[in-house]
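What follows is a single structure, written as structure tokens, with notes after it.
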Amino acid sequence: MITKDLSDEGVFVNPVVSPAVAPHDTLIRFSLMATHTKEQVTIGLEKIQKVFRKYNIGCAVWTYKEMDFGLTEEHYASIKDDLLALWCK
């Protein structure tokens, strides 16, 4: 349902289900590239927030190592605060 809703919003994510995660868990992989603009990242995160709120899913915080962004560590550092502020508001 979440991946379908995100697709309807124009955000492509990959679901990760068992056996890649515990049977009672699931996660989505939101991948970025260095060519994504800050505006595109912001819009994507806002749409993810919208869908997660629909399903009463709370805030998640990632570290650089946990993200599959395809960004350099320096580029990630330059947008990290914005990502966390958007995601957790």
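Note that the structure is predicted; figures quoted are calculated from it, not measured.
In this structure, the side chains of L6 and F30 stay at 4.5 Å or more apart for every pair of heavy atoms.
With sequence neighbours left out, S7 forms a side chain to side chain contact (heavy atoms under 4.5 Å, CB included) with no residue at all. Scanning for side chain to side chain contact (heavy atoms under 4.5 Å, CB included) contacts around V16 gives A20, V21, L27, R29, with sequence neighbours left out.
Hydrophobic clustering keeps V17 apart from M1 (ILVMFWY residues linked when any side-chain heavy atoms are closer than 4.5 Å, directly or through intermediates).
When each of V13, V11, V51 is paired with I28, the side-chain contact (heavy atoms from CB on, under 4.5 Å) condition holds for V13 and for no other.
A side-chain hydrogen bond (donor to acceptor under 3.5 Å, both in side chains) check over residues 9-21, counting only residues at least two apart or in different chains, returns the pairs E9-K50.
Here the straight-line distance linking atom NZ of K47 with atom CG of D5 works out to 12.5 Å at 0.5 Å rounding. Between I43 atom CD1 and T37 atom OG1 the span is 7.0 Å, to the nearest 0.5 Å.
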